[in-house]
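All remarks here apply to the structure that follows.
This structure is a prediction, so every number in the text was calculated from the model and none was measured. Values below: all heavy atoms of this structure, side chains included; hydrogens, waters and symmetry mates excluded. Letters go in sequence order (proteins before strands), and every chain restarts at 1.
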2 protein chains.
Amino acid sequence: MRENKFKQIYSQLVSDIQKGNIQPNSFLPSEHELVEQFQTSRETIRKALKLLSEHGYIQKMQGKGSLVLDVKRMDFPVSGLVSFKELAVKMGKETITYVEHFSETVPSKEIAEQLKLKADELIWEIVRVREIDGERIIVDKDFINKTYIPSLTKTICEQSIYEYIENDLGLTISFARKEFTVEEPTNEDQRYLDLEGHCNIVVVKNYVYLEDASLFQFTESRHRPDKFRFVDFARRSH
Amino acid sequence: MRENKFKQIYSQLVSDIQKGNIQPNSFLPSEHELVEQFQTSRETIRKALKLLSEHGYIQKMQGKGSLVLDVKRMDFPVSGLVSFKELAVKMGKETITYVEHFSETVPSKEIAEQLKLKADELIWEIVRVREIDGERIIVDKDFINKTYIPSLTKTICEQSIYEYIENDLGLTISFARKEFTVEEPTNEDQRYLDLEGHCNIVVVKNYVYLEDASLFQFTESRHRPDKFRFVDFARRSH
DNA sequence: AAGTGGTCTAGACCACGCA
DNA sequence: GCGTGGTCTAGACCACTTG
């Protein structure tokens with residue numbers, strides 16, 4: 001019971017929507033009714049509804065109510081920040097991670113700049129290849145500031161680095177800036193991936209920040225183009 | 001003075017940050033100080049700060065304050081919903097739009113399904129090619145439900161359809177679901193674009209909704225891969 | 001006119017960071 | 001212990017939709 005009330009209410013409503021207890025294209029109970037139902041204040045209900053709206057579950061309409069959107073097709077929630085492992089589990093796919101390279105090293109000038117490193121700061125450099133349903137589809141090149149993550153092992157990289165950072169180190173990953181581009185495959189891509197003649201690579205550059213706004217990781221994720229898909233829900237800011 | 005107070009405060013702070021009146025890596029005045037400064041209540045200040053946080057301008061830190069993030073590199077804000085024209089203007093690029101096809105027509109079965117059309121509903125079908133700095137880079141295929149946009153002209157399509165819908169028709173575009181994939185060029189792509197041997201096309205499918213949650217437009221935007229770039233700011237939802 | 005969501009207020013108490 | 005942000009409350013007034 002020590003959890004945030006508005007997040008509880010949000011989770012309850014999400015669960016009701018996903019289970020079909022609340023039907024798409026119907027209206028939620030009014031804010032006043034929800035106040036009674038959850039025995040709380042209106043602003044708290046409104047915080048919960050704001051979350052639902054931001055995540056694409058409802059559309060609020062002044063004077064009418066909160067319309068439940070049809071969320072069934074939102075099967076691939078890559079919007080926001082999700083690690084490869086979290087995704088793979090969600091998709092129920094057979095995936096294997098190969099750690100092709102793992103070292104503690106002095107950063108190149110380029111990477112030092114990307115990570116805004118101070119002189120003498122070291123990094124972890126990791127290359128991981130992701131195999132999905134028997135095909136090597138993705139290569140992830142991670143550069144992690146050793147100042148924030150002092151120890152790391154190959155075994156952790158085979159599992160989930162994010163899980164280790166959040167659960168074991170107790171750090172909180174807070175936000176990221178992502179950039180998507182398309183490039184021609186490098187020799188390295190050819191070597192690591194089953195390219196099968198594809199002549200482009202989707203490159204996702206990810207700058208990941210902790211909650212104190214420190215940039216601790218730069219990841220370059222290189223995807224075989226035919227297996228790349230990114231879905232986003234966006235509200236227009238007027 | 002009839003505008004929302006919290007949006008005014010947000011805009012004021014954004015402008016101060018962008019002009020450099022408030023330095024990156026410094027802290028904003030505390031919420032209490034902002035309450036005094038803007039002569040308002042704390043919840044109103046907090047709404048403004050929430051907007052700043054969602055848009056990547058600040059990082060809130062409990063017990064410390066609101067840290068101003070370095071936003072200079074966020075030069076290409078495609079996150080959210082922005083039309084081609086709004087973007088082109090922001091980038092200061094020399095762009096030309098060619099309307100290659102414009103018709104009012106009976107939808108194909110596939111499009112009828114995408115737009116969830118009722119029987120007998122007609123659509124506008126538009127193909128536009130975007131030339132940037134002398135190269136034909138993007139082809140946009142728009143399918144618009146005629147029920148919501150009863151009249152449309154070729155001239156409007158040469159300008160901005162969104163501008164017409166929002167300013168002239170007074171409709172509000174509210175949210176969208178986007179999907180990014182990479183495909184092989186079709187004959188149509190070859191015909192419309194200066195592909196220069198590129199053997200893939202970045203496809204952005206965009207389902208656009210009005211504020212009453214009605215799906216009024218499906219757009220397929222096909223980009224030459226070397227000119228495609230998408231930047232996103234994402235907060236992790238825990 | 002009644003019911004809905006949107007904004008704003010003034011105040012309370014809690015959790016966290018820091019000296 | 002003090003100042004910070006995080007949550008929650010109870011109530012007010014406004015804007016919009018519908019009958």
Task: Residue pairs involving residues 205-219 of chain B (criterion salt bridge (charged side-chain N to carboxylate O under 4.0 Å, His left out); sequence neighbours excluded) - done: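 Every candidate salt bridge (charged side-chain N to carboxylate O under 4.0 Å, His left out) pair involving residues 205-219 of chain B fails, so no pair, neighbours aside, qualifies.
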
Task: Under the side-chain hydrogen bond (donor to acceptor under 3.5 Å, both in side chains) test, residues paired with Ser41(A) that sit two or more places apart - done: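 Checked Ser41(A) against side-chain hydrogen bond (donor to acceptor under 3.5 Å, both in side chains); matches are Thr44(A).
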
Task: Set of residues satisfying side-chain hydrogen bond (donor to acceptor under 3.5 Å, both in side chains) with respect to Gln18(B), sequence neighbours excluded - done: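 Once residues adjacent in sequence are excluded, the partners of Gln18(B) under the side-chain hydrogen bond (donor to acceptor under 3.5 Å, both in side chains) criterion are Tyr57(B).
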
Could you state the atom-to-atom distance from [atom1] of [X] to [atom2] of [N] in whole Å?
| X | N | atom1 | atom2 | answer |
| --- | --- | --- | --- | --- |
| Lys7(A) | dC8(D) | NZ | P | 9 Å |
| Glu36(A) | dT4(C) | CD | P | 11 Å |
| Met61(A) | dG5(C) | CE | P | 10 Å |

TODO: Write out all pairs satisfying ring pair (Phe, Tyr, Trp, His ring centres under 6.0 Å) with one or both partners inside residues 16-36 of chain B, taking only residues at least two apart or from two chains.
DONE: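 Those involving residues 16-36 of chain B do not exist here.
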
Task: Nucleic acid contacts of residues 41-54 of chain A, taken as heavy-atom distances under 4.0 Å to DNA chain D - done: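 The stretch gives Ser41(A), Arg42(A), Glu43(A), Thr44(A), Lys47(A) as the residues lying under 4.0 Å from the strand, ordered by number.
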
TODO: Could you tell me whether the side chain of Glu166(A) and the main chain of Ile173(A) form a donor-acceptor pair under 3.5 Å?
DONE: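 Between the backbone of Ile173(A) and the side chain of Glu166(A) there is a qualifying donor-acceptor contact (under 3.5 Å).
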
Quick one: ring-ring contact (aromatic ring centres under 6.0 Å, His included) partners of [X], sequence neighbours excluded?
| X | value |
| --- | --- |
| Phe216(A) | none |
| Phe38(A) | none |
| Phe102(B) | Trp124(B) |

Under 3.5 Å, N/O pairs linking protein and nucleotides 16-19 of chain C:
| residue | atom | partner | partner atom | Å |
| --- | --- | --- | --- | --- |
| dC18(C) | OP1 | Lys64(B) | NZ | 3.2 |

Open item on the list: List the residues meeting salt bridge (charged side-chain N to carboxylate O under 4.0 Å, His left out) with Lys154(B), not counting sequence neighbours, and say none if there are none.
Closed with: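 Salt bridge (charged side-chain N to carboxylate O under 4.0 Å, His left out) list for Lys154(B), sorted by chain: empty.
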
Open item on the list: Which residues pass the salt bridge (charged side-chain N to carboxylate O under 4.0 Å, His left out) test with Lys60(B), not counting sequence neighbours?
Closed with: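 With sequence neighbours excluded, Lys60(B) shows a salt bridge (charged side-chain N to carboxylate O under 4.0 Å, His left out) to Glu31(B), given in chain and number order.
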
TODO: Please figure out whether Thr40(A) or Ser30(B) has its closest DNA chain D nucleotide nearer the 5' end.
DONE: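 Nearest-nucleotide comparison on DNA chain D picks Ser30(B).
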
Task: Helical bend (five base pairs per end, nearest 10°) for the helix from dA1(C)-dT18(D) to dC18(C)-dG1(D) - done: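 That helix has its two terminal axes inclined by roughly 10°.
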
